[in-house]
Amino acid sequence: MSVKLIIIGGVAGGATAAARARRVDEFAEIILFERGEYVSFANCGLPYYIGNTIKHRNELLVTTADALRDRYKIDVRVFSEVVKIDRDKKEVHVKDNSSGKTYIESYDKIILSPGAEPVKPPLEGIDNENIFRLRSIPDTDLIKSYVDKKKPKSAVIVGAGFIGLEMAENLVERGVKTTVIEMLDQVLAPMDFEMAAIVQNHIEEKGVKCILGRAVKSFRKSKSGLIVSTDDGNEIECGMVLLSIGVRPENKLAKDAGLDTGERGGINVDETMRTSDPDIFAVGDVVELKDIVTGLPVMTQLAGPANKQGRIAADNALGRKSVFKGTQGTAIVKIFGLTAAVTGAGGKTLAKNSIPYRACYVHPASHATYYPGAGTVSLKLLFSPVDGRVLGAQAAGTDGVDKRIDVLALAVRGGMTVYDLEAFEHAYAPPYSSAKDVVNIAGFVAANILKGDVETVNWNEIAGLGSEYVFIDMRDKDEVSDTGIFRKAMHIPLNDLRKKLPELDRAKKYIAYCATGLRSYIGCRILTQHGFSAKNLSGSYSTMMYVMDRIENHGTKII
């Protein structure tokens with residue numbers, strides 16, 4: 001007897017589950033309900049259509065209802081919203097949004113893929129017609145039409161997450177002067193402050209104004225469009241507003257059906273994507289599942305995990321055994337030619353959950369510097385101080401960030417250590433890498449710390465240092481002339497260090513730095529082997545240049 005499988009919701013999770021289910025069972029009865037018109041579309045491509053990078057709207061459609069019907073023999077019902085699940089009778093109540101009529105459909109198994117909805121706080125004026133949200137094709141049509149026809153001169157984006165910054169880039173590309181307002185004191189919340197500061201600096205150079213650490217209080221109409229008021233009394237006039245302040249799981253259907261949900265409101269699922277009802281599975285933005293680093297429940301709004309979960313849910317709904325081993329939040333974004341990416345746990349998450357970790361920073365070239373086009377890859381590696389297990393990584397740069405974060409994502413998932421990164425064998429030719437790849441270098445630096453070859457100081461530890469610490473700038477003279485040195489720092493180029501040793505005070509503790517940390521590491525090895533107390537400033541000047549304001553706000557003058 002064939003299984004009757006109902007899939008509620010399309011896009012990444014639901015559409016993938018439908019196609020996988022048909023490949024697993026040619027004879028199953030599969031019905032996919034989608035309350036809107038579009039069964040599967042490229043959420044991540046929406047900003048680029050608004051910005052005219054993607055020229056044709058149909059390129060956003062991953063697949064269509066007709067394509068699913070023709071290729072996979074799936075009963076696809078668009079404009080059909082499931083409004084109730086009756087678990088006792090194993091029936092769903094479906095509202096036809098075209099006619100308004102409701103009917104009942106039986107089921108053997110259900111896969112829930114309702115997704116998440118944009119957060120809409122109860123602020124004064126938030127229903128103004130010039131305030132937009134971006135989550136769907138219709139949202140995109142509204143925004144693009146407004147930009148095309150009204151040609152606003154300015155915009156405010158509320159929220160500095162991935163979508164918010166992608167929209168900032170695309171609006172600027174359309175000639176719209178853009179301001180980003182964010183409640184946090186940084187952009188891109190998944191990144192740690194110092195890495196997000198690289199992104200902030202870059203987008204500000206491109207003309208985006210960032211107002212951080214401020215909340216929006218209200219919106220009101222003005223002659224040119226809208227006035228956005230913040231909690232410090234500031235008012236910004238603009239032609240349009242985009243809300244990009246996060247999403248919440250669309251869990252009403254599940255909660256009304258009595259399915260278990262977690263603290264964040266997501267549907268609880270096991271490793272097979274099964275809910276608290278053995279015949280109902282859930283996938284995508286609506287579920288809570290295990291973070292593979294912390295072991296804690298998390299919610300991720302990412303297409304990759306949603307696709308994988310759809311496959312796994314379909315397997316299990318049709319009698320196969322497949323498991324989802326957890327998520328790690330791997331994500332990447334391109335903003336004005338800069339790429340920023342994360343994987344695994346960041347420092348904020350590890351500290352919040354009292355998970356011990358160490359961190360190091362490297363800033364090597366993306367490929368051999370003698371070959372044209374090399375850029376800098378700024379990379380933060382987080383690892384266990386006990387066994388060196390890789391816990392997470394964050395990177396930013398103009399070239400080669402994507403492949404490094406993917407390698408490190410695999411290292412996190414595989415439980416690899418920094419010693420494995422040292423041994424990592426990569427494909428090398430001058431246009432692609434260096435003989436020692438960025439990943440190798442991060443492994444070398446982290447392993448040196450764990451082996452005791454060098455002690456390090458990170459940027460956020462400087463404000464707490466006592467007067468016994470003295471900085472030594474080990475850069476060359478021309479570098480110092482260009483940028484200046486840290487306040488009260490000694491300047492001893494690395495090549496002059498050995499002959500300057502007799503002039504150093506052995507009662508002092510020295511912190512060495514250079515441009516990226518390599519020369520200062522060598523300097524520390526010289527100092528410690530000659531009996532001096534020395535630490536290396538991890539990431540050196542290349543990290544510090546982005547966070548000096550934060551340190552100086554704590555009373556430590558750097559420059």
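Fair warning: this is a prediction, and the values are worked out from it, not measured in the lab.
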So, does S244 use its side chain to make a donor-acceptor pair with the main chain of G164 at under 3.5 Å?
-> yes
Test D505 against Y510 for side-chain contact (heavy atoms from CB on, under 4.5 Å), laying out the working first.
-> CA-CA 9 Å; D505 184 350; Y510 294 98; 3.7 Å; yes
Min side-chain heavy-atom separation C360-I449 under 4.5 Å = yes
Is it true that the NZ or CZ of R389 lies under 6.0 Å from the centre of F383's six-membered ring and within 45 degrees of the ring axis?
-> no
SB check K509 E455 (cutoff 4.0 Å) | no
How about Y371: does its OH atom have over 12 heavy atoms from other parts shown lying under 6.0 Å from it?
-> no
All heavy atoms of V286 vs all of G115, minimum pair found to be CB-O, 3.7 Å
Report the C-alpha separation of E204 and Q200 in whole Å, then their side-chain angles, then the decisive distance to 0.1 Å, and conclude whether the side-chain hydrogen bond (donor to acceptor under 3.5 Å, both in side chains) test is met.
-> CA-CA 6 Å; E204 288 178 335; Q200 180 187 339; 3.2 Å; yes
For E479 and Y541, run side-chain hydrogen bond (donor to acceptor under 3.5 Å, both in side chains): C-alpha distance rounded to whole Å, both residues' side-chain angles, the deciding distance at 0.1 Å, then the answer.
-> CA-CA 11 Å; E479 295 174 89; Y541 199 91; over 6 Å; no
Flag yes if more than 12 heavy atoms outside K403 fall under 6.0 Å of its NZ atom; otherwise flag no.
-> yes
Verify the neighbour count for atom NZ of K348: are there more than 12 heavy atoms of other residues, nucleotides or ligands below 6.0 Å?
-> yes
Is L382 close to D192 at the side-chain level, that is, under 4.5 Å between some pair of heavy atoms?
-> yes
Take I511 and L465 through the test side-chain contact (heavy atoms from CB on, under 4.5 Å) and record every step on the way to the result.
-> CA-CA 10 Å; I511 297 177; L465 295 176; 3.1 Å; yes
Main-chain N/O of G517 paired with N536 side-chain donor or acceptor, under 3.5 Å = yes
Is the backbone N or O of L296 less than 3.5 Å from a side-chain atom of T294, with the two atoms forming a donor-acceptor pair by type?
-> yes
Kindly compute the distance separating CG (L450) from CZ (R358), expressed to the nearest 0.5 Å.
-> 7.0 Å
Residue that, paired with L381, satisfies side-chain contact (heavy atoms from CB on, under 4.5 Å) out of L421, V439, L391 = L421
Between the main-chain N or O of G284 and the side-chain N or O of Q309, is there a donor-acceptor pair closer than 3.5 Å?
-> yes
Look at the side chain of E235 and the backbone N and O of E237, then say whether any donor-acceptor pair between them is shorter than 3.5 Å.
-> no
Is the CD atom of E205 crowded by more than 12 outside heavy atoms at less than 6.0 Å?
-> yes
Considering only NZ, NE, NH1 and NH2 on the basic side and carboxylate oxygens on the acidic side, decide whether K334 and E169 come within less than 4.0 Å.
-> yes
Exceeds 12 heavy-atom contacts within 6.0 angstrom, atom CD of Q529 = yes
Residues N52, E173; criterion side-chain contact (heavy atoms from CB on, under 4.5 Å); working and verdict | CA-CA 9 Å; N52 285 337; E173 294 293 334; over 6 Å; no
Name the one of R248, R135, R264 that satisfies salt bridge (Lys or Arg N to Asp or Glu O under 4.0 Å) with D285?
-> R135
Is there a donor-acceptor contact under 3.5 Å from the side chain of H363 to the main chain of S378?
-> no
List the atom of R214, the atom of I181, and the distance in Å for their closest heavy-atom pair.
-> O-CG2, 3.7 Å
For R475 and D473, run salt bridge (Lys or Arg N to Asp or Glu O under 4.0 Å): C-alpha distance rounded to whole Å, both residues' side-chain angles, the deciding distance at 0.1 Å, then the answer.
-> CA-CA 6 Å; R475 294 175 295 168; D473 190 320; 2.7 Å; yes
Flag the pair T516 / V362 as yes when at least one side-chain heavy-atom distance between them is below 4.5 Å, and no otherwise.
-> no
Intermediate values then yes/no, side-chain contact (heavy atoms from CB on, under 4.5 Å), L171 and I157 | CA-CA 10 Å; L171 287 174; I157 296 174; 4.1 Å; yes
Are any of the side-chain heavy atoms of D437 and N440 separated by less than 4.5 Å?
-> yes
F336 atom CZ: more than 12 heavy-atom contacts under 6.0 Å = yes
Side chain proximity check, L504 to L527, heavy atoms < 4.5 angstrom | yes
Answer yes when K499 and D496 have at least one side-chain N-carboxylate O distance shorter than 4.0 Å, and no when they do not.
-> yes
At their closest point, which heavy atom of L165 faces which heavy atom of I203, and how far apart are they?
-> CD2-CD1, 3.9 Å
Could you tell me how the ring of F471 sits relative to the ring of F486: parallel (under 30°), tilted (30 to 60°) or perpendicular (over 60°)?
-> perpendicular
Considering the options L497, N495, I492, which one meets the side-chain contact (heavy atoms from CB on, under 4.5 Å) requirement together with M474?
-> L497
Find the distance between NZ (K217) and CG (N234) and round it off to the nearest 0.5 Å.
-> 14.0 Å
Residue M490 excluded, over 12 heavy atoms near CE under 6.0 Å | yes
Measure the shortest side-chain to side-chain distance between M191 and I198 over non-hydrogen atoms and say whether it is less than 4.5 angstrom.
-> no
Between P430 and Y428, the two heavy atoms sitting closest are N-CE1, 3.9 Å
Is S538 reaching over with its side chain to a backbone N or O of N458, donor-acceptor style, under 3.5 angstrom?
-> no
R404 and L379, any side-chain heavy atoms less than 4.5 Å apart | no
Which atom names give the shortest non-hydrogen contact between Q328 and T343, and what distance separates them?
-> NE2-OG1, 3.0 Å
Side chain Q301, main chain A116, donor-acceptor under 3.5 Å = no
